[in-house]
Each structure stands twice: as structure tokens, then as C-alpha cells.
Undergrad: 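This is the structure, below, for whatever I ask next.
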There are 2 protein chains.
Amino acid sequence: MKLNTKSRYAVMALADMAVFSSDNAVSLRDISLRQGISLLYLEQIFLRLKKNNIVKSVRGINGGYILVKSPKELKISDILLALDQKVKTIGCKKDSKKSCNGKSTKCITHDFWDELDIHINSFFENKKLSDLLKNREARI
Amino acid sequence: MKLNTKSRYAVMALADMAVFSSDNAVSLRDISLRQGISLLYLEQIFLRLKKNNIVKSVRGINGGYILVKSPKELKISDILLALDQKVKTIGCKKDSKKSCNGKSTKCITHDFWDELDIHINSFFENKKLSDLLKNREARI
DNA sequence: CTAAAACTTGACTATTTTAGTCGGGTATAT
DNA sequence: ATATACCCGACTAAAATAGTCAAGTTTTAG
């Protein structure tokens, strides 16, 4: 059970922005260099972040990206959502009448997986980007 | 971020056993029919469960599998462990000095991912197989 | 005005992982 | 003896992942 790199890099890049913001836009090139993430890959990621209104862009020289919300207000769950990183740990369909393993009833473990999803999602809901920046000595 | 079907089916099958145990061994064939899981796939899963001492087998006619521990004592984390379903949500290597993104320092989000892993793992640690069987009206 | 920096976008691809299947066993109760 | 059920390694098709590539557009410094 692992998070994909897109989500991981997204959180990483946004944390980087929060640290190095200083009012003006942060370029992907800088993030790429500091965090060791491929520039091309970052572009793809930020496209999604922009579409989902996590960041806004400034074009041209000295352009880059700016956080729409402050790190204190930006929930990690918002970031993951922007990248379609659903925390849906298993295949049972939540709502459909004919769910789970093709049978018409809920599978024996159905409620358990639901509980798990809630448990994980609430973690992401309650974490703000600013929380990642606390007690960070080795900031790169 | 999702659990693989092996883990899901393992929990499902063991829950099934807990319900239909009745002292004698439970055959994979029965589990397969009740839970709608391929028999061939179940065999592969139970091989692992046996190796990891979650179940023991009885060969021959009327054979099958028996839970080693009672459902009250069997932690879900034990089951996942048997199937190599590590909850290691990201790629950062936990211990190595040169971790994360090839740099020598911990990445900016490192501690956060560790926290996430702990959060999820503790969920599995604290759940017992017997917990899944409570308030189950639709038992299949 | 123009060149360079930086964002924009869709398409493409190699690799890895997943979710199984297959085939040929071995043990044992009846 | 023979059917039932466990045992086990190898195999494979399909999907997901982790990126790369190409071909732009926009803006601003000089």
C-alpha cells in the first residue's frame, strides 16, 4: 500500500514553496533543483495543482507558481485530491447495491475497509501544509 | 493508494473461516464458493498464510485450514505482514543515511510520511479479526 | 523588438506491479 | 485405490506508474 510519486512530489514541492516563497512566484526550475525532482514531471504535476486551484501561475520571465491558500490553511487532503490520489483502499463499491465480489450483499469485510478509509482520510484532512514545516532542522 | 487484492482476500477468507469454523478444518473450496474468490488464487494466498503461521493445514479428504490463533487474538497487521503488504506509503528509505531523493539529508516531507505510516499501521495493529465480525447482519 | 525564461498541453513509452492461471505434484480418509 | 484437498513454482495478460517528448504560448528584461 503505497502513495504514488505524483502525490509525494506534489506535497514535497508545495512544502518547498512554503519555505522559499518570499512573496514572488517560485519557478519549477528552482523546485526541481532543490528537491531533486524532474522538471518535466513537475510540470505535469503543477498542471493538476493549478486546475484544482491549489496554486496559481505567473507566466514569463521571473514567473512561477504561487500558493493560493496559506500553508496554514492548505489541507494535505486537498493536494491529494488534486492528483486523483483517492484513498480507496479496496475495490468494493461504496454505494452500489451490487457491490464487492459480485454478490448482491455487502462482503463480510466491507465495513472494515470503509473504516480504514475514514481513518486514513481523516489523517490527511487534519494535516495542514504548515504542519510539515515544524521542527524541521534539515530543510535542504 | 490501495490495498492489493491478495491482502483483501486474505482478510476476507480468514473472516469467513472465523464465522464457519466449527472445530473442523475449512476447505478452500468452501471459502471460494461462499466468498466468490478464485480457488486457485486462494491456494496461493493460503500458502503464505501457512508459512507465516496464521493458519495450519489438514491434508486429505475433509481437510482444509484451521486458524492458529483465535479471532480475538489475531491482529489484522499479522495477516498483512504474511502477504508482504507493507504499509510503506512512500519510497524514502527509513534508515539509510542517503535517503529520499538521492540527497544525503532527509527530504523535507520525510517525517510526515513516517507519521502517516505509523498512523495506518496502528490501525491494523489494534484491529483483531473478531472485530470485523461484530454487528454483521448481512453475513452472506 | 526580440530573446530567453517559464508556463501549457497532449501524447507517448518503458518498466513495474498486479491479479490472477497453469501444471504437476503429495498426503490422507474412506 | 481413488477422490479430495493441500502444495508449490512458474508463467502471463493487463493495468498502473513514472516519467519523457514535442511543440507550443506568454511575459518581461534589456
Side-chain angles (χ1 to χ4, degrees), chain A residues 1-10 12-13 17 24-33 35-68 80 83-86 88-92 101-102, chain B residues 1-13 17 24-33 35-68 80 82-86 88-92 101-102:
Chain A
M1 181 152 77
K2 52 187 223 280
L3 216 56
N4 59 20
T5 56
K6 274 201 182 85
S7 302
R8 177 189 161 199
Y9 289 161
M12 223 162 148
M17 286 180 69
N24 28 26
V26 180
S27 75
L28 294 188
R29 195 172 157 278
D30 288 353
I31 297 175
S32 167
L33 290 173
Q35 302 301 331
I37 304 170
S38 145
L39 176 60
L40 262 24
Y41 206 27
L42 273 178
E43 287 183 346
Q44 203 184 103
I45 291 166
F46 272 74
L47 203 63
R48 306 273 210 104
L49 292 176
K50 192 194 168 182
K51 267 182 186 152
N52 285 274
N53 208 39
I54 308 290
V55 296
K56 57 188 171 191
S57 65
V58 179
R59 301 186 75 154
I61 280 183
N62 296 326
Y65 289 93
I66 298 172
L67 290 169
V68 168
L80 301 189
L83 293 157
D84 292 333
Q85 181 64 33
K86 292 193 195 70
K88 187 75 207 63
T89 45
I90 50 122
C92 300
N101 40 13
Chain B
M1 181 151 78
K2 53 185 224 281
L3 216 57
N4 58 23
T5 56
K6 274 200 180 87
S7 303
R8 177 189 161 201
Y9 289 161
V11 174
M12 223 162 147
M17 287 179 69
N24 28 26
V26 181
S27 75
L28 294 188
R29 192 171 159 279
D30 287 352
I31 298 175
S32 167
L33 290 173
Q35 302 302 330
I37 305 170
S38 144
L39 176 60
L40 261 26
Y41 207 26
L42 275 177
E43 285 184 348
Q44 203 185 103
I45 291 167
F46 272 74
L47 207 61
R48 306 273 210 102
L49 292 176
K50 192 194 167 181
K51 267 182 188 152
N52 286 274
N53 208 39
I54 307 288
V55 295
K56 57 189 172 190
S57 65
V58 179
R59 302 186 77 156
I61 279 184
N62 296 325
Y65 289 93
I66 299 171
L67 289 170
V68 169
L80 301 188
L83 293 158
D84 293 334
Q85 181 64 31
K86 292 192 195 69
K88 189 75 209 61
T89 46
I90 51 124
C92 299
N101 40 14

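Sequence lines set the chain letters: A, B, ... in the order given, protein chains first and strands last, and positions in each chain run from 1. All figures in this text were calculated on a predicted structure; none of them were measured in a lab.
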Undergrad: For dG19(D), take OP1 and OP2 only and decide whether either is under 4.0 Å from a side-chain N or O of S38(A).
TA: no
Undergrad: Partners of E43(B) by side-chain hydrogen bond (donor to acceptor under 3.5 Å, both in side chains), sequence neighbours excluded?
TA: none
Undergrad: Before you tell me yes or no, could you show the steps for M1(A) and M1(B) under side chain to side chain contact (heavy atoms under 4.5 Å, CB included), namely the whole-Å CA-CA distance, both residues' side-chain angles and the distance that decides it to 0.1 Å?
TA: CA-CA 6 Å; M1(A) 181 152 77; M1(B) 181 151 78; 3.7 Å; yes
Undergrad: When the distance from CG of L3(A) to P of dA16(D) is rounded to whole Å, what number comes out?
TA: 17 Å
Undergrad: First locate atom CG of L49(A), then atom OH of Y65(A), and finally report the distance between them rounded to the nearest 0.5 Å.
TA: 8.5 Å
Undergrad: If you assign M1(A) and R29(A) each to the DNA chain C nucleotide with the nearest heavy atom, which residue ends up on the more 5' nucleotide?
TA: R29(A)
Undergrad: Suppose we screen for side chain to side chain contact (heavy atoms under 4.5 Å, CB included). Which residues come up paired with S7(A), at least two apart in sequence or across chains?
TA: L3(A), N4(A), L80(A), L83(A), Q85(A)
Undergrad: Specify the residues of residues 40-53 of chain A, ordered by number, for which at least one heavy atom lies under 4.0 angstrom from an atom of DNA chain D.
TA: L40(A), Y41(A), Q44(A)
Undergrad: Please check: side-chain N/O of S27(B) versus main-chain N/O of D30(B), any donor-acceptor pairing under 3.5 Å?
TA: yes
Undergrad: On DNA chain D, check which nucleotide each of R59(A) and L39(A) is closest to and give me the residue with the more 5' one.
TA: L39(A)
Undergrad: Could you please spell out the steps behind the side chain to side chain contact (heavy atoms under 4.5 Å, CB included) verdict for I31(B) and L42(B)?
TA: CA-CA 9 Å; I31(B) 298 175; L42(B) 275 177; 3.9 Å; yes
Undergrad: For K56(B) and dC7(D), give me the distance from atom NZ to atom P, rounded to whole Å.
TA: 13 Å
Undergrad: Kindly state each residue pair satisfying side-chain hydrogen bond (donor to acceptor under 3.5 Å, both in side chains) with at least one member in residues 52-64 of chain A, sequence neighbours excluded.
TA: K50(A)-S57(A)
Undergrad: Scan residues 60-68 of chain B against DNA chain C and write down, sorted by residue number, each residue with any heavy atom closer than 4.0 Å; if none is found, say none.
TA: G60(B), I61(B), N62(B)
Undergrad: What are the two closest heavy atoms between R29(B) and L39(B), and how far apart are they?
TA: N-CD1, 3.8 Å
Undergrad: Which atoms form the tightest heavy-atom contact between A25(B) and G63(B), and what is the distance?
TA: CB-C, 3.9 Å
Undergrad: Out of the candidates V55(B), V26(B), V58(B), only one should pair with I66(B) under the side-chain contact (heavy atoms from CB on, under 4.5 Å) rule; please name it.
TA: V58(B)
Undergrad: I want to confirm an ordering. Mapping N4(B) and V58(B) to their closest nucleotides on DNA chain C, which one lands closer to the 5' end?
TA: N4(B)
Undergrad: Kindly say if Y9(A) contacts the phosphate of dA18(D), meaning a side-chain N or O under 4.0 Å from OP1 or OP2.
TA: no
Undergrad: Please check if any side-chain donor atom of S38(A) sits under 3.5 Å from a side-chain acceptor atom of Y9(A), or the reverse.
TA: no
Undergrad: Considering only heavy atoms of chain B and a distance under 4.0 Å, specify the first and last nucleotide of DNA chain C in 5' to 3' order that meet this criterion.
TA: dA19(C) to dT30(C)
